[in-house]
Amino acid sequence: MLDIKLIREKPDFVVERLSSRGAKDARAVIDKIIDFDKKRREFAVKCDNFKSEVNRWAKEIGKLKAQGKDVTDLTARSKELGGMITELDTLVATHSAQLEEAMLLVPNLPHESVPIGKDSAGNSEVRRWGEAPKFEFSPKAHWDIGEQLGILDFARAAKISGSGFILYKGAGARLERALINWLLDLHTREHGFTEVFPPFLINRNAMIGTGQLPKFEEDMYRLRDEDMYLAPTAEVPVANIHREEILREDQLPIYYCAYTPCFRREAGAAGKQTRGMIRVHQFDKVELIKFVKPETSYDELEKMTVNAERVLQLLGLHYRVVLLCTGDVGFASAKTYDIEVWAPGQNAYLEVSSCSNCEDFQARRANIRFKGADGKNRFVHILNGSGTALARLYVAVLETYQQADGSVKIPEVLLPYMGGLKEIRPS
RNA sequence: GGAGAGGUGGCUGAGUGGUUGAAAGCGACGGUCUUGAAAACCGUUAGAUGCGCAAGCGUCUCGGGGGUUCGAAUCCCUCCCUCUCCGCCA
């Protein structure tokens with residue numbers, strides 16, 4: 001959520017920044033918000049004045065009654081005021097609700113360092129690591145590799161759930177588990193993150209806190225009998241750990257990492273390439289989340305991105321880092337780096353990480369603050385980054401480490417996690 | 001799921017309708033004293049929001065929401081959460 005004061009004081013700036021994201025109706029939305037805000041305050045001032053008067057009478061009545069005096073006139077006056085207060089309270093409430101509703105739908109403002117652009121074509125590559133591997137043979141796609149090795153079974157996954165789900169088997173299941181464990185170990189042992197294992201079912205308030213709701217309801221899996229959602233990313237439960245809290249300054253920065261499965265309906269993705277495990281309804285992910293002081297958040301974003309890149313470097317996978325342009329950054333983010341790994345069987349880069357600085361956008365929604373040295377409470381900045389998403393990482397591993405005979409070598413760093421298995425061959 | 005007991009400031013814990021936004025203790029911060037520290041003593045110590053150039057003033061908040069009343073932390077309704085017992089279950 002944006003700061004209403006910023007909107008009041010610099011509406012043109014806000015409209016300009018929102019428009020840079022491609023919001024066509026930014027002017028109208030901001031005008032509407034300013035109007036709600038203004039009216040709400042006008043009603044609230046009137047209402048507060050009446051309340052003040054009623055409070056004064058109430059105290060007076062108390063005193064007089066204690067003295068045994070007659071208070072009929074005063075109670076009559078108070079009742080009269082009470083009626084007006086009820087009326088004004090209703091007006092304040094409806095305007096507040098409308099304001100809130102509008103505010104929750106406004107995305108974050110892109111940071112000044114973000115390139116202006118309309119869509120992903122406007123993104124800029126910041127760096128590249130390694131090279132696309134060369135093969136003596138024509139590299140296969142992971143769905144062929146996986147099915148021939150008997151480690152991935154899309155048909156049976158569909159039987160259980162539907163399309164867009166994965167059944168890992170044997171060494172394939174082991175590989176998924178190895179990746180999860182290795183990622184958690186890497187980030188906790190070498191990058192200073194504290195491991196957490198959060199709930200996967202999320203209530204409405206938490207979903208609002210990180211920005212999934214109310215705008216992206218259709219993207220989420222929702223329970224039928226309770227007002228709960230399946231976590232679309234660990235960012236949601238983990239960023240909400242400190243909801244409604246005031247942290248001590250010396251607690252910051254806080255680094256958390258968490259493994260969770262991620263559930264996404266991918267509504268609207270029909271027609272896009274859906275073969276294999278590149279776009280699925282359930283995938284595993286190890287997520288990095290930071291709570292930091294505002295003045296450090298952009299340094300922290302760089303560090304977090306480097307931490308995520310390390311995953312690919314250690315696995316020996318070629319990748320590039322892309323800075324998203326204004327038209328492509330996510331709803332809650334002010335600045336985002338995507339990391340895209342090379343998948344030889346696809347002859348394409350696949351997004352496996354998205355590292356974002358949400359600044360105080362989520363902290364405002366979730367009301368997460370810290371008490372500064374001056375005693376003032378300020379909103380923390382919240383960052384999140386995939387470290388990394390598994391299904392696509394798995395694709396890159398299979399396709400990069402495939403051999404001419406159809407087997408797949410296990411990357412060096414995963415060997416301790418694979419129980420002695422050095423390569424996966426058809427069983 | 002059933003029955004019961006609870007949810008008060010950073011913490012412990014008073015408070016069953018009238019200057020209670022809230023006693024007291026602890027903790028924290030500042031000061032006095034001290035070479036320094038401790039002890040002792042004195043003082044300060046929630047958040048949000050609005051009006052105002054400011055000083056300051058007002059409103060709201062005792063789990064959330066609603067109600068009764070001139071007036072609610074205190075009474076009523078409802079929801080959430082915690083604890084105990086029973087049931088069920090991994």
Side-chain angles (χ1 to χ4, degrees), chain A residues 1-9 33-104 197-209 213-214 223-229 237 240-252 254 291 360-380:
Chain A
M1 195 154 62
L2 299 183
D3 184 356
I4 185 69
K5 285 181 192 143
L6 179 70
I7 296 177
R8 272 180 214 150
E9 286 159 21
I33 284 173
I34 289 172
D35 185 52
F36 288 148
D37 177 53
K38 191 161 161 254
K39 290 203 176 114
R40 196 200 95 245
R41 266 151 58 215
E42 283 168 8
F43 291 128
V45 168
K46 277 188 207 166
C47 190
D48 284 358
N49 288 339
F50 284 136
K51 280 181 179 171
S52 174
E53 193 176 339
V54 157
N55 287 343
R56 278 205 312 276
W57 290 133
K59 283 182 182 172
E60 194 62 27
I61 290 168
K63 279 190 214 159
L64 293 174
K65 264 201 162 173
Q67 295 164 21
K69 295 195 174 144
D70 178 60
V71 292
T72 323
D73 289 353
L74 293 183
T75 55
R77 170 65 180 155
S78 284
K79 271 189 181 176
E80 197 184 310
L81 287 169
M84 293 193 275
I85 287 170
T86 306
E87 225 170 274
L88 284 165
D89 260 341
T90 308
L91 284 168
V92 172
T94 53
H95 283 82
S96 297
Q98 283 175 305
L99 178 64
E100 168 95 358
E101 199 183 327
M103 289 287 281
L104 285 175
F197 197 99
F200 303 157
L201 292 182
I202 315 288
N203 67 32
R204 169 168 292 273
N205 279 340
M207 294 288 276
I208 289 172
L213 293 183
L223 300 198
R224 190 192 63 186
D225 294 327
E226 311 199 38
D227 199 14
M228 302 256 261
Y229 297 79
N240 276 286
I241 287 175
H242 296 294
R243 189 150 59 90
E244 304 289 342
E245 287 184 24
I246 300 173
L247 303 164
R248 281 178 288 109
E249 189 171 20
D250 62 23
Q251 285 177 274
L252 301 176
I254 296 172
F291 298 82
D360 62 7
F361 186 82
Q362 295 177 323
R364 256 173 222 292
R365 290 176 162 242
N367 200 20
I368 305 173
R369 293 165 294 173
F370 72 100
K371 195 175 278 298
D374 57 357
K376 290 255 187 287
N377 294 329
R378 294 154 71 200
F379 289 107
V380 298

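Labels below follow one simple rule: chain letters A, B, ... track the order of the sequence lines, proteins then strands, and each chain is numbered from 1.
- Between the C1' atoms of B:U8 and B:A24, the separation comes to 14 Å (whole Å).
- Toward the 5' end of RNA chain B, the nearer of the two residues A:Ser52 and A:Thr75, judged by each one's closest nucleotide, is A:Ser52.
- Contacts of A:Lys376 with the nucleic acid, taken as non-hydrogen atoms under 4.0 Å apart, are absent.
- At whole-Å resolution of the value, CD in A:Glu53 and P in B:G71 are 13 Å apart.
- Closest approach to the A:Lys51 side chain among B:G71, B:U59, B:A48 is made by B:U59 (side chain taken as heavy atoms from C-beta onward).
- A straight line from CZ of A:Phe50 to C1' of B:G50 spans 16 Å, rounded to a whole angstrom.
- Within the 4.5 Å cutoff, the side chain of A:Asp3 has no heavy atoms near those of the A:Phe379 side chain.
- In this structure, A:Ile202 and A:Asn240 have side chains that are not in contact, with every pair of non-hydrogen atoms separated by 4.5 Å or more.
- Nearest heavy atom pair, residue A:Ile368 against residue A:His242, reads CG1-O, 3.3 Å.
- Closest contact between the side chain of A:Arg41 and the listed nucleotides B:G71, B:G50, B:A48 involves B:G50.
- Atoms CG (A:Asp89) and P (B:G65) sit 13 Å apart, rounded to a whole Å.
- Side-chain N/O atoms of A:Lys59 include none lying less than 4.0 angstrom from OP1 or OP2 on B:G18.
- A:Ser78 and A:Ile61 make their closest contact through OG-CD1, 4.3 Å (heavy atoms, listed as atom of the first residue, atom of the second, distance).
- Of the residues near RNA chain B, A:Gly62 and A:Ala44, the one whose nearest nucleotide (by heavy atom distance) lies more toward the 5' end is A:Gly62.
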Discussion item. Walk me through whether A:Asp37 and A:Arg41 qualify under salt bridge (charged side-chain N to carboxylate O under 4.0 Å, His left out).
Written reply: CA-CA 6 Å; A:Asp37 177 53; A:Arg41 266 151 58 215; 2.7 Å; yes
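- Nearest heavy atom pair, residue A:Arg40 against residue A:Val92, reads CG-O, 3.9 Å.
- The residue A:Asn377 sits close only to the backbone: its heavy atoms come under 4.0 Å of sugar-phosphate atoms, none of a base.
- Base pairing of B:U45 is made with B:G27, judged by Watson-Crick or G-U wobble geometry with both donor-acceptor distances under 3.5 Å.
- In this structure, A:Ser78 reaches the sugar-phosphate backbone alone: every heavy-atom distance under 4.0 Å involves primed, P, OP1 or OP2 atoms, never a base.
- With a cut-off of 3.5 Å on both pairing distances, B:G9 has no Watson-Crick or G-U wobble partner at all.
- If you take atom C1' in B:G18 and the same atom in B:U74, they sit 12 Å apart, rounded to whole Å.
- B:G4 and B:C83 make up a base pair, with Watson-Crick or G-U wobble contacts both under 3.5 Å.
- A sub-4.0 Å separation between OP1 or OP2 of B:G47 and a side-chain N or O of A:Lys371 is present.
- A:Thr94 contributes a side-chain N or O that, together with a main-chain N or O of A:Thr90, makes up a donor-acceptor pair within less than 3.5 Å.
- Within 4.0 Å (heavy atoms only), A:Arg8 reaches sugar-phosphate atoms of the nucleic acid but no base atom.
- Taking atom C1' in both B:A39 and B:G47, the straight-line distance is 35 Å, to the nearest Å.
- Rounded to whole Å, the distance from CD1 on A:Ile4 to P on B:G50 is 9 Å.
- Protein atom CD of A:Glu100 is 14 Å distant from nucleotide atom C1' of B:U49, rounded to whole Å.
- For A:Asn55, a side-chain nitrogen or oxygen approaches OP1 or OP2 of B:U59 to under 4.0 Å.
- With C1' as the reference atom, B:G64 and B:A73 are 15 Å apart, rounded to whole Å.
- At least one donor-acceptor pair closer than 3.5 Å links the side chain of A:Arg365 to the backbone N or O of A:Leu104.
- As rounded to the nearest Å, B:G67 and B:G10 have P atoms that lie 28 Å from one another.
- Look at the P atom in both B:U12 and B:C57: the space between them is 33 Å, to the nearest Å.
- Across B:G21 and B:U59, the matching C1' atoms stand 13 Å from one another, rounded to whole Å.
- Between A:Asn205 and B:G64 there is no side-chain polar atom (N or O) within less than 4.0 angstrom of OP1 or OP2.
- Taking atom C1' on both nucleotides, B:G63 is separated from B:G58 by 27 Å, rounded to a whole Å.
- A 3.5 Å limit on both hydrogen-bonding distances identifies no Watson-Crick or G-U partner for B:A38.
- Residue contacts shown for A:Arg56 are absent, as no nucleic acid heavy atom lies under 4.0 Å away.
- The side chain of A:Arg369 lies closest to B:A48, out of B:G50, B:C70, B:A48.
- In this entry the distance linking CZ of A:Arg243 with C1' of B:C80 reads 12 Å, nearest Å.
- Between the CD atom of A:Glu245 and the C1' atom of B:G63 there is a distance of 15 Å, rounded to whole Å.
- Atom NZ of A:Lys46 and atom C1' of B:C60 are 20 Å apart (whole Å).
- Contacts of A:Ile61 with the nucleic acid, taken as non-hydrogen atoms under 4.0 Å apart, include base atoms.
- Residue A:Lys63 has its side chain nearest to B:U19 when only B:G47, B:G18, B:U19 are considered.
- The nucleotide B:C53 finds no pairing partner, because no Watson-Crick or G-U wobble arrangement with both distances shorter than 3.5 Å includes it.
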